[in-house]
Every structure is written in C-alpha cells, then in structure tokens.
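Values in this document were obtained by computation on a predicted structure and should not be read as measured data. Reckoned from all heavy atoms, side chains included, excluding hydrogens, waters and symmetry mates.
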Amino acid sequence: MACCKGETIGALAAAIRIAIGDAERDALCEAVAAAWDAIDARLPQNDAGIRETFGMIEGRNAFREDIPHERTGRSDMLSNAPDRDGRAFLVPFDRKATP
C-alpha cells in the first residue's frame, strides 16, 4: 500500500482551514493510499519489475541525423556579423523595433 501519513492529511486539512477528527483523517489517509495504489498498478513495468517513468506526450524524434561534414571557417561564419570593436560586436540600435 502507498505511504500516506496521518500528519500529512492533518496538515493539509489545517492549511485549507477545515477541522477533521482522527477517524476522518484516517479514512482520508486510506482513500489517498488506495488512489495511489490504483495509479501505481496501471504504470508499466520493465523486466526487473520496476515501474518505468514515462512522459505525458508520446512523440517521435524530430531531430535530424548527426552527419559529419566539413567545418565552416570562422570568416564564413562571421561574414554577416555586424562590425567589431575589439572582441565585441557593434550591434546597431533600431528605434523602430523599440516600443
């Protein structure tokens, strides 16, 4: 059975400002534990009997193949870059783009 502590349920009740007795707290704890057990039973297991984690969205790998190719030279990479001032680039200010 999943772990559910009475003090956790009591703290939750106090946080939402409701008063519950010990019997109600224990019943809620059992209900929460049963809910976790039901969820856990639906999770897939691997060959070792360990529950596997999974993402909410199933998808395919949309990345391209990693194919080696010739390196791009520094001068080609920086051919469209703005003017430089030492090690920094001088980025022109565009007043139209400023709100």
Side-chain angles (χ1 to χ4, degrees):
M1 182 175 249
C3 180
C4 176
K5 297 181 179 177
E7 56 266 14
T8 303
I9 298 293
L12 177 61
I16 59 175
R17 297 181 182 186
I18 60 171
I20 60 171
D22 291 344
E24 288 176 301
R25 184 196 66 215
D26 293 343
L28 279 171
C29 192
E30 287 180 25
V32 168
W36 279 117
D37 287 341
I39 291 169
D40 190 49
R42 292 179 163 223
L43 295 176
Q45 289 185 356
N46 64 16
D47 293 337
I50 299 171
R51 301 286 182 206
E52 294 182 358
T53 55
F54 59 94
M56 295 299 292
I57 300 173
E58 293 292 329
R60 62 179 181 81
N61 184 357
F63 295 110
R64 63 175 170 74
E65 293 276 335
D66 189 12
I67 302 169
H69 55 83
E70 293 292 321
R71 291 183 58 175
T72 305
R74 182 178 175 85
S75 59
D76 287 339
M77 268 196 286
L78 298 175
S79 63
N80 291 325
D83 293 332
R84 293 176 61 168
D85 180 18
R87 295 180 63 188
F89 289 101
L90 300 172
V91 180
F93 178 72
D94 185 4
R95 291 187 186 273
K96 295 176 204 165
T98 310

Go through the structure and list residues passing side chain to side chain contact (heavy atoms under 4.5 Å, CB included) with I18, not counting sequence neighbours.
A13, I16, I20
Any pair counted as salt bridge (Lys or Arg N to Asp or Glu O under 4.0 Å), so long as it reaches residues 17-29, sequence neighbours left out
D22-R25
Output every pair passing side chain to side chain donor-acceptor pair (under 3.5 Å) with a member in residues 80-92, not counting sequence neighbours, ordered by first then second residue.
none
Could you work out the complete set of other residues in the hydrophobic cluster of F89, with links drawn between I, L, V, M, F, W and Y side chains under 4.5 Å apart?
L78
Note: with side-chain heavy atoms under 4.5 Å as the link, the other cluster members for M77 come out as none
